[in-house]
Each structure stands twice: as C-alpha cells, then as structure tokens.
Amino acid sequence: MLLICRLWKHVIRKGDTVVDATCGNGNDTLAMANMVKDELGKGCVYGMDIQKDAIKNTSFLLDVSLNPIERKCVKLFSICHSRMAEVLPQKNSVRLVAFNLGYLPGGNKTIITKSDTTKLALKAAKELLVPGGVISIVAYVGHPGGRLVVLYRFVAPCICREEYETVQAFASELPVECWVCSQIQMLNRPLAPVLLFMFKR
Ligand SMILES: C[S@@+](CC[C@H](N)C(=O)[O-])C[C@H]1O[C@@H](n2cnc3c(N)ncnc32)[C@H](O)[C@@H]1O
C-alpha cells in the first residue's frame, strides 16, 4: 500500500476529485481525502462499497480523523461500483479511480468483488477519468487469508485469479495512443497482491 500511496501522491493535486471504488474500512478513502483537501475545501472523494458495514466503518474513520470541513468533502455511497457514473458529476472530471479488490477485512469473506461487475466499473472509470489521471488496482492472486471454511479455501483463490486476469485483459486491450498500462508483481512472493495501473494520456 505504501507504493500505491506514493504513486497517488504523484498524480493527485489539491482540489481534485477522486474515487475510492472499494472503501472497505476506509483507510484508502482517508489517505485520498488528505491528498485532495485544500484550504477552500475544494477537493472531493467519492467513496463506494457494496456493503453497508463497510460504509459505516469508513464513515466512522473519517469522522474521527478529519475536521468537519474536510469531512464534508467525502461523499459515501452504499452501491456497486459498476454504478459509479450515476453518482459522479460528469465525464473527464476525475483524477484517480482506485480499486482494492477482494473482501472486507474483518467482515464477511463471502462478499467479494467479482469479475463481471469489476469490468463494468473499469469501463465506467475509463470514461470518468481526466487526461493525466490514473486507474489503480490492487488485485489478489493468492489465498485470501483469514479463517475460512474448507470449501472457500479452494474456491476463493480461483475467483481472485480470474478477476485479476479480467483486469489484466481489460488493461491490455486499451489503445496505446491514449493509455499507458502496467503492473507491478513481486517475483519472489508469487502470492503477493499485484498492482495494476492504467494512465490516461
Ligand atoms: C479489500 S476491501 C477494500 C479495503 C479498503 N480499500 C480499505 O482501505 O480498507 C474490498 C471491498 O470491496 C467491497 N466490494 C465488493 N464488491 C463490491 C462491488 N461490487 N462494489 C463496491 N464494493 C465492493 C467489499 O465489500 C470490501 O469492503
């Protein structure tokens, strides 16, 4: 996460609009809020998660970490990220759309991001992004961790890898004149999450 935050810092400017497409417990949402906020209260973070619990956790973290003016700059939605265009203002208005795929840490491990809705969300994100903006994705390719039921131990890694391959295929097909796409993978830790980036030229 340290690496991804460093990259965000290079891309995000004060006053920008950014999207956290998978709020979870709100750590990424808070990091983004701290990067976009300016003295005029202009920066804005749109955070979304399919689970009400995740939105509650994120809201709590923001309430205790930001002052009231900063807190107003974060708008939270309990929706599937494939619907992000419904809550965001317009095309070409967003500097960053970030996805941290998988399940809510400490929550229900059977509610996870899925290839079909992730692909729809990527399509929406692609339209919303401003030139110079980036879509960043943390994709899990190994075991999902935690105390899981036996069946889930076998099923979940397949789901994660399939979703990673969907994201990889989506990025690979973007036209090179308009997009620079890359990924970072640890060679000596093959089960570590893979970071994927799609920069809009
Ligand atoms: C790995 S967690 C995100 C962690 C988070 N970024 C943080 O800093 O704590 C993944 C989140 O994606 C959410 N999620 C799963 N499917 C989703 C969907 N279709 N739309 C939006 N969020 C979804 C899960 O509920 C979970 O909270």
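Order of listing sets the numbers, starting from 1, for every ligand and every atom in it. From a predicted model like this one, the values you see are computed outputs, not experimental measurements.
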When rounded to the nearest 0.5 angstrom, what distance separates CG in L196 from OG in S136?
9.5 Å

Note: ligand 1 atoms sitting under 4.0 Å from heavy atoms of L101 are 1 (C)

Using atom types as modelled and distance alone, determine if a side-chain donor or acceptor of D20 lies under 3.5 Å from a backbone N or O of T29.
yes

Part of S82 with heavy atoms under 4.0 Å of ligand 1, whether side chain, backbone, both or neither:
neither

If you measure every N or O of Y140 against every N or O of ligand 1, does any of those distances drop under 3.5 Å?
no

Where is the nearest protein heavy atom to atom 2 (S) of ligand 1: which residue, which atom, and how far?
Y103 O, 3.2 Å

Given 3.5 Å as the limit, does a donor-acceptor pair link the side chain of N100 with the main chain of D28, or not?
no

For atom 10 (C) of ligand 1, what's the nearest protein heavy atom and its distance?
N100 O, 3.2 Å

For atom 24 (C) of ligand 1, state which one of D20, D49, D28 supplies the nearest heavy atom.
D49

Does at least one non-hydrogen atom of I79 fall below 4.0 angstrom from an atom of ligand 1?
yes

Are side-chain heavy atoms of F60 and T58 found at a separation under 4.5 Å?
no

Taking the side chain as every heavy atom from C-beta outward, state whether L61 and N25 have any atom pair closer than 4.5 Å.
no

Only heavy atoms of C80, strictly under 4.0 Å: list the atoms of ligand 1 that pass.
19 (N), 20 (N)

Counting non-hydrogen protein atoms only, what is the nearest one to atom 5 (C) of ligand 1? Give residue, atom name and distance.
C23 O, 3.1 Å

Proximal candidate to atom 21 (C) of ligand 1 [heavy atom criterion; set M32, Q51, H81]:
H81

Given L76 and M48, is the side-chain contact (heavy atoms from CB on, under 4.5 Å) satisfied, shown in steps?
CA-CA 6 Å; L76 299 176; M48 53 205 73; over 6 Å; no

So do the side chains of T118 and V167 get within less than 4.5 Å of each other, counting heavy atoms only?
yes

Indicate, as side chain, backbone, both or neither, the part of I112 found under 4.0 angstrom from ligand 1 when only non-hydrogen atoms are considered.
backbone

So for G107, does at least one of its heavy atoms come nearer than 4.0 angstrom to any atom of ligand 1?
no

Note: R95-D16 ion pair, threshold 4.0 Å (strictly below):
yes

Nitrogen or oxygen atoms of I50 and ligand 1 under 3.5 Å apart:
yes

In ligand 1, the atoms that come under 4.0 Å of a heavy atom of G102 are 10 (C), 12 (O)

Using a 4.0 Å heavy-atom cut-off, say whether A121 meets ligand 1 through its side chain, its backbone, both or neither.
neither

In terms of side-chain heavy atoms, does T113 have a donor or acceptor partner in E163 at a distance below 3.5 Å?
yes

